[in-house]
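Worksheet: one structure, shown below.
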Protein chains: 2
Amino acid sequence: MDSRTRPRATPAESPPSRIERLCIERGLKMTGQRRLIARVLSDAEDHPDVEDVYRRALALDSKVSIATVYRTVRLLEENGILEKRDFGGGRARYDLADRGHHHHLIDVDSGRVIEFADEEFEALARRLATRLGFDLVGQRLELFGRRPAAEPPRAPARRRPSGTGT
Amino acid sequence: MDSRTRPRATPAESPPSRIERLCIERGLKMTGQRRLIARVLSDAEDHPDVEDVYRRALALDSKVSIATVYRTVRLLEENGILEKRDFGGGRARYDLADRGHHHHLIDVDSGRVIEFADEEFEALARRLATRLGFDLVGQRLELFGRRPAAEPPRAPARRRPSGTGT
DNA sequence: CTAAATGCAAACGCTTTGCTCGAAT
DNA sequence: ATTCGAGCAAAGCGTTTGCATTTAG
């Protein structure tokens with residue numbers, strides 16, 4: 001609230017994040033909190049859920065409400081900037097849309113998420129849809145895996161494995 | 001409450017449903033409502049959500065609470081009798097576990113769900129996991145498709161397309 | 001200046017749970 | 001008789017929304 005945080009005075013503060021640029025391109029009104037959220041998401045290398053984004057945003061500048069994060073994340077999704085993912089467990093996760101088509105392998109022991117893409121799978125998916133009499137308009141592939149027993153899994157990680165991904 | 005509904009007097013009422021048999025095998029206590037829910041699920045050829053099950057159960061005998069449906073469905077899942085599916089949209093859907101490994105194609109216009117299985121995909125999934133350094137312990141494949149424009153889709157069916165599937 | 005975004009708290013939809021009463025074994 | 005299930009209503013969790021205030025363009 002005082003001078004230390006310096007809300008949004010100098011626009012030359014820091015270079016616009018990738019998402020911020022995309023927002024401007026699309027003519028979205030850029031508020032301080034949108035810029036903040038845009039940065040958090042641009043910098044994210046994982047698949048944060050809304051609360052992750054909220055926490056990281058607070059850590060950077062502190063003055064966003066979770067409602068705004070929800071609204072912004074939805075706005076970005078509607079504008080094709082973000083993609084909403086559903087890995088089960090209630091929370092929605094997000095990642096940049098322009099990272100291209102990819103799927104996920106979830107390490108069931110650590111909760112870590114690995115991205116991958118595969119041509120062969122794309123082709124197979126299309127073939128399967130066709131065989132069933134449909135045009136493929138979307139797909140979702142998730143693999144759940146476990147590292148082959150090298151060391152005994154120390155922490156089965158129950159609630160909220162989130163966080164680290166990639 | 002009165003004689004019309006005849007709660008659970010004669011055990012010879014009707015032959016036990018498949019799920020009821022499985023429950024008995026596993027030594028689960030069989031109450032009237034469990035028998036009822038077991039029948040609804042055994043007869044279901046689609047992927048009902050809890051409320052579907054609840055409604056169908058009420059239609060058959062009327063005297064179950066939705067809490068019991070939730071509890072029973074969870075019990076059955078924990079006993080490997082049911083599988084919980086998440087097709088997005090908040091509601092969990094269920095189907096018999098012993099229908100074997102299969103995947104789903106969701107008709108995005110009608111919400112209808114088509115099941116299919118594919119050897120080639122299974123093999124590919126295993127290969128992908130291996131390539132990433134994991135043992136495959138689970139997978140989820142969903143295709144979203146649209147019938148090639150033969151007739152214009154009459155009802156885009158937004159909320160709760162549920163119901164018919166297969 | 002005007003339309004739109006934010007914050008806050010209340011509302012929401014699905015699911016779970018605490019507690020008491022009733023039923024299954 | 002004893003243990004476990006059922007019913008009901010309240011609570012929980014992630015997400016959305018109404019409304020008054022602030023802000024971007």
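Predicted, not measured: the structure shown is a model, and the values here were computed from it. Proteins get letters first, then strands, A, B, ... in listed order; numbering begins at 1 in each. Atoms considered below: every heavy atom in the structure, side chains included; atoms not considered: hydrogens, waters and symmetry mates.
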Query raised in the report: Any side-chain heavy-atom pair from Ile106(B) and His104(B) closer than 4.5 angstrom?
Result: yes
Query raised in the report: dT15(D) C1' sits how many Å from Glu78(A) CD, rounded?
Result: 14 Å
Requested in this report: Report the residue (Lys29(A) or Ala92(B)) whose heavy-atom-nearest nucleotide on DNA chain C is the more 5′ of the two.
Outcome: Lys29(A)
Query raised in the report: To the nearest Å, how far apart are Leu36(B) CG and dA23(C) C1'?
Result: 16 Å
Requested in this report: Could you tell me whether the phosphate oxygens of dG5(D), OP1 or OP2, come under 4.0 Å of any side-chain nitrogen or oxygen in Arg34(B)?
Outcome: yes
Requested in this report: Please determine, by modelled atom types, if His102(A) and Asp95(A) share a side-chain donor-acceptor pair under 3.5 angstrom.
Outcome: yes
Query raised in the report: Which whole-number value in Å describes the distance from Arg26(B) CZ to dT25(C) C1'?
Result: 20 Å
Report task. Measure from CE on Met30(A) to C1' on dT6(C) and round the result to the nearest Å. Result -> 14 Å
Report task. Grab the CZ-P distance between Arg35(B) and dA23(C) for me, whole Å please. Result -> 14 Å
Query raised in the report: DNA chain D: Tyr70(A) or Leu28(A), which has the more 5' nearest nucleotide?
Result: Tyr70(A)
Requested in this report: Inspect the surroundings of CD in Glu119(B) and state if more than 12 heavy atoms from other residues, nucleotides or ligands are less than 6.0 Å away.
Outcome: no
Requested in this report: Determine whether more than 12 heavy atoms belonging to other residues, nucleotides or ligands lie under 6.0 Å from atom CZ of Arg18(B).
Outcome: no
**Report entry** Integer-rounded Å distance: dG13(C) P and Tyr54(B) OH
**Finding:** 16 Å
Query raised in the report: Along nucleotides 7-13 of chain D, 5' to 3', which nucleotides get a B, which get an S, and which get a -, given that the test is a protein heavy-atom distance under 4.0 Å?
Result: BB-----
Query raised in the report: What do you reckon, are the aromatic ring centroids of His103(B) and Phe121(B) less than 6.0 Å apart?
Result: yes
Requested in this report: Report yes if a side-chain nitrogen or oxygen of Arg74(A) is closer than 4.0 Å to either non-bridging phosphate oxygen (OP1 or OP2) of dT17(D); otherwise report no.
Outcome: yes
Query raised in the report: Do you see a donor-acceptor pair shorter than 3.5 Å between the side chains of His47(B) and Glu83(B)?
Result: no
Query raised in the report: Is any side-chain nitrogen or oxygen of Thr31(A) closer than 4.0 Å to OP1 or OP2 of dT6(C)?
Result: yes
Query raised in the report: Under the 4.5 Å side-chain heavy-atom rule for ILVMFWY, direct or indirect, which residues accompany Leu28(A)?
Result: Leu75(A)
